[in-house]
Structure formats: structure tokens, C-alpha cells
Colleague: 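Okay, handing you the structure first.
Chain A is the first sequence line, chain B the second, and so forth, proteins listed ahead of strands; every chain is numbered from 1.
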Number of protein chains: 2
Amino acid sequence: MTKVNAHVTTRGQAVHEALRDLVLSGQLAPGTRLNEIELSQRLGVSRTPVRAALTALATQDLIDYTPNSGYAIRTYSARDLENVFEVRAVLEGLANRQAAEAGFSPEGEARVGDILDRTAALVSGGEWSAQVCDRWIELNIAFHQAINRTAGNQRLLTILERSPLPFIYALRYHWFTLDIVSKAHDDHVEMVAVIKNRQIGRAEAIGREHIYRTTKPLIDKWRDLERLQQQDGRQIADLLQPLCTTDQSSDAGRDCLV
Amino acid sequence: MTKVNAHVTTRGQAVHEALRDLVLSGQLAPGTRLNEIELSQRLGVSRTPVRAALTALATQDLIDYTPNSGYAIRTYSARDLENVFEVRAVLEGLANRQAAEAGFSPEGEARVGDILDRTAALVSGGEWSAQVCDRWIELNIAFHQAINRTAGNQRLLTILERSPLPFIYALRYHWFTLDIVSKAHDDHVEMVAVIKNRQIGRAEAIGREHIYRTTKPLIDKWRDLERLQQQDGRQIADLLQPLCTTDQSSDAGRDCLV
DNA sequence: AGGAAGTGCATTGGATACAATAATGGAGCC
DNA sequence: GGCTCCATTATTGTATCCAATGCACTTCCT
């Protein structure tokens, strides 16, 4: 789709990004083994850069690694998800607090305002489709990036950007509803106002709460899936399939890197 | 010293641990390039496991990586350090809060009590030497591990254990004084009491403050070094050397892994 | 028939050879 | 004398080969 690989200089990095997207897209069921040879053939490179990428991904906890056995798509329990978001909540709280302490730069304020306007237009439109949802996700990511950048904490920025909401992206059209998205937007508006007013304590609290509120539906849904799994004896992967009917066509066709 | 490598099954993992210790020990000056061939010869393996280890360490932000150029010991500014500890503070706060929510297990409570007793004995002894300091560091790490384990948040545990206080260990004998260590111990005692009483809000606040208090002297010291660097035009590495006169003999002699 | 040991295969781990890139030094030119 | 360009060299990036481990299947023994 887009030519984002301009800054990539080595095959290892290119494979790293490709596999990262593959894992995050949720196209691979949890537990799926990642065969080095298969991946290298699929990507048109040797095993060496594939192994480098797998090492990096495993270090980031995006995939599981078992010595002398290999790599596999990570399996998340509902408890795992809860933990991930609990951590993220306090980190976003910190980001908001530090953003309120630092205050917006003129450019940052303009950018955030622009993002909010676009989001408002999208949400108030009343219609909700896969395209709109994807567009909203983009704006949402851009918004949080802008806030986190305002905080001026490089370390925090790195951690937040490196721990994306995992494979859950596959659930996005079921997770995000117009209702949830509207509430999220209200949160965003309030966050910006509080940061502008330099209300440090409130900024942190709102940042935290925003994550809890937004992710609770997802955790609940995941817990339901776990329950179903135990009742039916089916794998989560099977239960997940019916939800993964979104267009994966756009992601196909990038078998080769060069 | 100890036989900790029992769980290591591949050379790559062994090299990873060895290089990790090397980096964290602070024996290498910031900016020092990590030559793959040199490292492989020094460790008695080929470049392959060395590269795997370097990839992992760079992913963990313990070293810098520049494509087609190589890896180097990371350089921390005082601001970087501050950011690292700001993040750690909120994470330790979360750990304490969740520990207070969960409460101690009988074994956990016994273990924490034991650690506190030993620390109290060490601190109240009144004497302070490199050996005592090292012993205290062990107890300190064990204490925080015990607390973090009580929180029952695997994700949090992983992040905290993977972002150790960087190469600063080299400064430990100058950073930790009997005064600071005593105050830290008082914090620990209070933390345990608050967790036992299930005072959730206080637990979080104390966990945060504990990190801020403990690390502030280090950040100040680092900032002084930066100032000296600008005045004298000398590199931080040079200014750091006089402080690194601790016994490095114990770390020598592990040139070969097997 | 059930279990345990052994054999063969698939896959990962490690070493080495080769290619590509960047840094360094010197020589030539302005 | 200084600057630029080119060539050489050192180092990283990639591919391939070999070794070692683990797993599954078979087979044999009880």
C-alpha cells in the first residue's frame, strides 16, 4: 500500500517489519509455529535475516521462543491481556501527566487540534463501516503519538510504541463500535483541555482511565471466548476465525521484499 | 562465582547473558564499539551467536545499533536517566498497588519478612564497605522481586526485570551510601506494612516515591558529570574511570563459555 | 496389547565463506 | 598547503553448509 520501507537498509530490518506486521495483523492463529525455512522462502531471503528478525520479535515478547524448538505465535490469556493494559494504563497516565507538565508546543497544539477535528467529523458522521473504523484507528494512533511526544520522555515513547496492542487488531471491527469510539473521542477532547490547562493530576487520571475504559470491552470479549473454549473444547483459533472475515486482500501479495 | 547458567541451552543465550552482564557492569565506556569478531574470539564462539545476542540487546535498548556500522555501548544523558526512572517509578507504583490488592501469600510474607530482617541487620551494623554494599544490592533486588511477584502481573514483571538500571552499576559504591540505604530500608518496611494493611492508594504512592527518592542522587551525580564534561571538554568515559576502581578481578577469566 | 527403546526425519543452532557497505589512508590535483 | 577523489582495508550483512537436538514413528520385547 504505502512505501514505508524507505528507511530500511538491511534485509534483516525489512524482514523484521514484515513479520511484525504479519504477527500484529492477527492473520496467524495463536500457537502457530513460525518455520524459518518456510518464512525465508516466502520472503525471498535466506534464513539468516529471518532468524535475526525472529530473535528481535521474541525479545519484544511478540512471539514465543523455545530453545531447540523454534518460534510460535504467542497465545494470550484474558489475564495476559488485562496485565498488558494495566501496564499501558499507568504509562499513558505518565505520558499525559508529563504532557501537562510540559505543555503543548504551538505546532503540537495545532496538530492535536487538527486530529481532534478530523475525528469529530468522522464520529459525528453517524455511519460506521470497516473503512471508517480503519480511518479512526489511524487518527487514534496519531492522537496518542502526539500526546506522548508532547510528554518529551523518549524512554516512555519507545516503550509505548514497542508494545502495540498485539494481534488483537484482528478483532478491531468487533471491538470498536461507534459507541465506544464516541466515548473515546470525548476522552480525547477532555485530555487535550486538561493538558492545556496544565491540570497535572487530572491529566494522569484521565489518561489511565481512558485506557481502562477503552480496553475493558476487549478483555470481556476475550474472556467470553475463553469460556466458550472450555465449554466446547474448541481452540480459540477456531472461535476466532468467524470474526476474522475482514479484507485480508490488501495484505496479500507482499511475498517478496524487493 | 555462582552456577547460574544451568537453564541456558544454546550458545546464543549464553552469549546474551555474558554480554548483558558485561554491558551492565559498566566496564565498557559509553560509545565503545562492539566488534563482532573480537567478541566472538573473546567468548570462544563464532559470530553467529554473538550477532543473535547483539540483536537481542539492541532490541532491549541496552546497546545502540546503526545499520552497516555496528553496535556500541549506549550513551545516557542525565535526561535519559531521568526518563528511565520516571517510567520505572510508575511501574513500581503499579506493582505495589497490585501487591496490596492481591495481598501476600503466607510464603511470600515469610520471605519478605526474612529479607527485611537481613537488611535491617546489615544496615544497623553501622559499617559500610564494598562487600556490604554488594550484599545490600542483592537483598534489595530480592526484595523488589518478591513485591513484584506478589503483584501477580506477569507482563509487569517482565518489563521490570528487562529494564535493569543500566551500566550505572559501576557507580554503585558512590551512589549508595549508608544514609541512602537506610532510608531505602525504611521505605521497604513501610511498603510491606502498607501492603499487609491493603492500603492500595498509599502502596502505589510509596512505591513511586521510593524510586524517585532513591534515584535522585544518581541523576544529580550524573548531571554533575555532564557539567564537568562540558567545562573540561573531557569525555564522560574519562571522568568515569576514577570511579570504576572496584574489583573487576571477579569478572575476569570468563573468556570462554564452555 | 501396551510400553519402552531405537531409528529416521524435520528443524533449529552454529560455523564459515562470500558479498556489500563504510571507514581510512594516501596520492594527485587545484 | 589544503582539499578532493580513489583505492584499500576493516567490518558488517547474507547465504550456505554442517552439526545437534528434538520429535514422531516404528519395532521389538515383555
Colleague: Taking the nucleotide of DNA chain D with the closest heavy atom to each, which residue, A:Pro67 or A:Thr10, is nearer the 5' end?
Modeller: A:Thr10
Colleague: State whether A:Ser46 places a side-chain N or O below 4.0 Å from either non-bridging phosphate oxygen (OP1 or OP2) of D:dA15.
Modeller: yes
Colleague: How many whole angstroms separate atom CD1 of A:Ile37 from atom P of D:dC17?
Modeller: 13 Å
Colleague: Measure from the side chain of A:Arg33, starting at C-beta and using heavy atoms only, and say which of C:dG13, C:dT11, D:dA15 lies closest.
Modeller: C:dT11
Colleague: Set out, in order, the CA-CA distance, both residues' side-chain angles and the distance that settles side chain to side chain donor-acceptor pair (under 3.5 Å) for B:Glu86 and A:Asn153, then state yes or no.
Modeller: CA-CA 9 Å; B:Glu86 281 163 351; A:Asn153 187 327; 3.2 Å; yes
Colleague: How close or far is atom C1' of C:dG14 from atom CG of B:Leu43, stated in whole angstroms?
Modeller: 14 Å
Colleague: Within this structure, what is the CG-to-P distance between B:Leu34 and D:dG13, rounded to whole angstrom?
Modeller: 13 Å
Colleague: Does C:dT12 have OP1 or OP2 under 4.0 Å away from a side-chain N or O of A:Asn68?
Modeller: no
Colleague: Taking 4.0 angstrom as the limit, do B:Arg20 and B:Glu17 come out as a salt bridge?
Modeller: no
Colleague: To the nearest angstrom, how far is B:Arg11 atom CZ from C:dT12 atom C1'?
Modeller: 14 Å
Colleague: In this structure, which one of B:Asp64, B:Thr55, B:Leu39 forms a side-chain contact (heavy atoms from CB on, under 4.5 Å) with B:Tyr71?
Modeller: B:Thr55
Colleague: Please find the pair of heavy atoms, one from A:Pro30 and one from A:Thr75, that lie closest to each other, and give the distance.
Modeller: CB-OG1, 3.7 Å
Colleague: Any donor-acceptor pair under 3.5 Å between the side chain of B:Thr48 and the base of C:dA15?
Modeller: yes
Colleague: Under 4.0 Å, counting only non-hydrogen atoms across every strand here, what does B:Tyr65 touch: a base, just sugar-phosphate, or nothing?
Modeller: sugar-phosphate
Colleague: Salt-bridged, B:Arg223 to B:Glu226, with N to O below 4.0 Å?
Modeller: no
Colleague: How long is the line joining CG of A:Leu39 and P of C:dT11, in whole Å?
Modeller: 12 Å
Colleague: Nearest-Å distance, CZ (B:Arg51) to P (C:dG13)?
Modeller: 16 Å
Colleague: Within the structure shown, what part of the strands sits under 4.0 Å from B:Leu54 by heavy-atom distance: base, sugar-phosphate, or nothing?
Modeller: nothing
Colleague: Take the protein atom CD of B:Glu36 and the nucleotide atom P of D:dT14, then report the distance between them rounded to whole Å.
Modeller: 11 Å
Colleague: To the nearest Å, how far apart are B:Arg47 CZ and C:dA17 C1'?
Modeller: 11 Å
